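Residue numbering restarts at 1 for every chain, and letters A, B, ... go by the order of the sequence lines. Worth saying up front: this structure is predicted, and the values here are computed from it rather than measured.
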Number of protein chains: 2
Amino acid sequence: MSNDHAKDPLARLPGYALRRAASATMADLAARLHAVELRISDASVLMLIRDRVDMTSTEIGKILDFQSANMVPLLSRLELAGHIKRVPINRKSMAIVLTDRGQELLIQVDSITARFEVELLGRIPEAHRAHFLPALHGLWP
Amino acid sequence: MSNDHAKDPLARLPGYALRRAASATMADLAARLHAVELRISDASVLMLIRDRVDMTSTEIGKILDFQSANMVPLLSRLELAGHIKRVPINRKSMAIVLTDRGQELLIQVDSITARFEVELLGRIPEAHRAHFLPALHGLWP
DNA sequence: TATTGTTATACTCTATAACTATA
DNA sequence: TATAGTTATAGAGTATAACAATA
């Protein structure tokens, strides 16, 4: 207990702690990704489609839990920035694929997120570290 | 690994898992608190000031990490609903105090959050459960 | 009929800048 | 000068409803 959580009576509640931890951690990640002008959701999409040439907007949204309506401005931004392109699958569907520029950017994204993940785990006391990911896996469908 | 995280290659990243877990869990809590017409931030404030008659808006914001500008509409809502009142400390500061009605509502809030916290912990595999809170405590200041 | 992708829209959350009044 | 509280505003994130075109 190196920190000031004693001053916050709510810090004993797992739900509250989850909210505070996620909020602080995601603000940190967002700031790091700002260096490559990406949002967290943008980076998630780029990482998800890294080796794929066949994922549609709908599929991406299903996996990442983004509404399809919200995929539209997200993908438009990435396309406008030259990171992805839309490749027709049939007359109804489009595959979302990394461009060469997107591939290069992904190298930077990998570097940023790898460092971020290492530092995140590093802030968790060693005795609890290995339990963190399996615990979280219970908390979303 | 009872769930579908195998289909999501990002699920191995602790940061991503933290984001997904917090998002799903907080959506659940928000829905439960909707029954008493409170937001998560509202309920946090009520729980924080439960036994206090001397906390100012600024102090509350510092503990819960809400900007003071964002405290204004939050407290206005709670005051309008009759859950809190403002008691002058001096000509500059106001104490934020539960009304009788706020005290009664807090009983319901405690019931909702207690059940929520139990179910949250229940979704974490037993072997990892005790490590969850101490791990989170490393992740915010 | 169901699905893909889209448009428009609205609500919540959070952050910043600028201001008043008081300590 | 520093602090408490406020106003206005903007950027994100997220949700719903309605729609066109195609499977």
query: Roughly how many Å is it from CE in B/M55 to C1' in D/dA4, rounded to a whole number?
result: 14 Å
query: Do any N or O atoms from the side chain of A/H137 and from the backbone of B/A11 form a donor-acceptor pair under 3.5 angstrom?
result: yes
query: Separation of A/N70 atom CG from C/dA10 atom C1', in whole Å?
result: 12 Å
- prompt: 5'-most contact on DNA chain C: B/S41 or A/E59, nearest heavy atom basis?
  reply: A/E59
message: How long is the straight-line distance from CG of A/L78 back to CG of A/L74, given to the nearest 0.5 Å?
response: 5.5 Å
message: Just to be sure I understand the rule, does A/S68 reach a base, reach only the sugar-phosphate, or reach nothing, if contact means heavy atoms closer than 4.0 Å?
response: base
message: Without decimals, in angstroms, what is the distance between A/L75 CG and C/dT6 P?
response: 8 Å
message: Would you compute the distance between atom CE of A/M94 and atom OG1 of A/T56 and round it to the nearest 0.5 angstrom?
response: 11.5 Å
message: Just to be sure I understand the rule, does A/M94 reach a base, reach only the sugar-phosphate, or reach nothing, if contact means heavy atoms closer than 4.0 Å?
response: sugar-phosphate
field: Atom pair distance, as rounded to whole Å: CG in A/D42 and C1' in D/dG13
entry: 12 Å
- prompt: Looking at CG of A/L133 and NE2 of B/H5, how far apart are the two atoms once the value is rounded to the nearest 0.5 Å?
  reply: 9.5 Å
query: Just how far, in rounded Å, is C1' of D/dA8 from CE of B/M71?
result: 18 Å
- request: Take A/S23 and A/K92, find for each the nucleotide of DNA chain C with the closest heavy atom, and name the residue whose nucleotide sits nearer the 5' end.
  value: A/K92
message: Both A/D65 and A/H34 contact DNA chain D. Taking the nearest nucleotide for each, which residue is further toward the 5' end?
response: A/H34
- prompt: Does B/R39 put a side-chain nitrogen or oxygen below 4.0 Å from OP1 or OP2 of C/dC13?
  reply: yes
task: May I ask you to say what A/T58 touches in the nucleic acid, namely base, sugar-phosphate or nothing, with a heavy-atom cut-off under 4.0 Å?
output: sugar-phosphate
- request: Please state how far atom CG in A/L38 lies from atom P in D/dA12, giving the value in whole angstrom units.
  value: 12 Å
task: Look at all strands and tell whether B/A69 reaches a base, only sugar-phosphate, or nothing, counting heavy atoms closer than 4.0 Å.
output: base
task: Whole angstrom is fine here: how far is it from CD in A/Q67 over to P in C/dT4?
output: 14 Å
task: Assign A/R86 to base, sugar-phosphate, or nothing according to its heavy-atom contacts below 4.0 angstrom with the strands shown.
output: sugar-phosphate
- prompt: Looking for any heavy atom pair under 4.0 Å, which part of the strands does A/T56 touch: base, sugar-phosphate only, or nothing?
  reply: sugar-phosphate
Comparing B/S93 and A/F66 on DNA chain D - which has the more 5′ nearest nucleotide: B/S93
- prompt: Does a nitrogen or oxygen in the side chain of A/R91 sit under 4.0 Å from OP1 or OP2 of D/dA23?
  reply: yes
field: B/V87, B/I60, B/L48 screened by side chain to side chain contact (heavy atoms under 4.5 Å, CB included) with B/I96, the one that passes
entry: B/I60
- prompt: Could you give the CG-to-P distance, from A/L29 to D/dG13, as a whole number of Å?
  reply: 11 Å
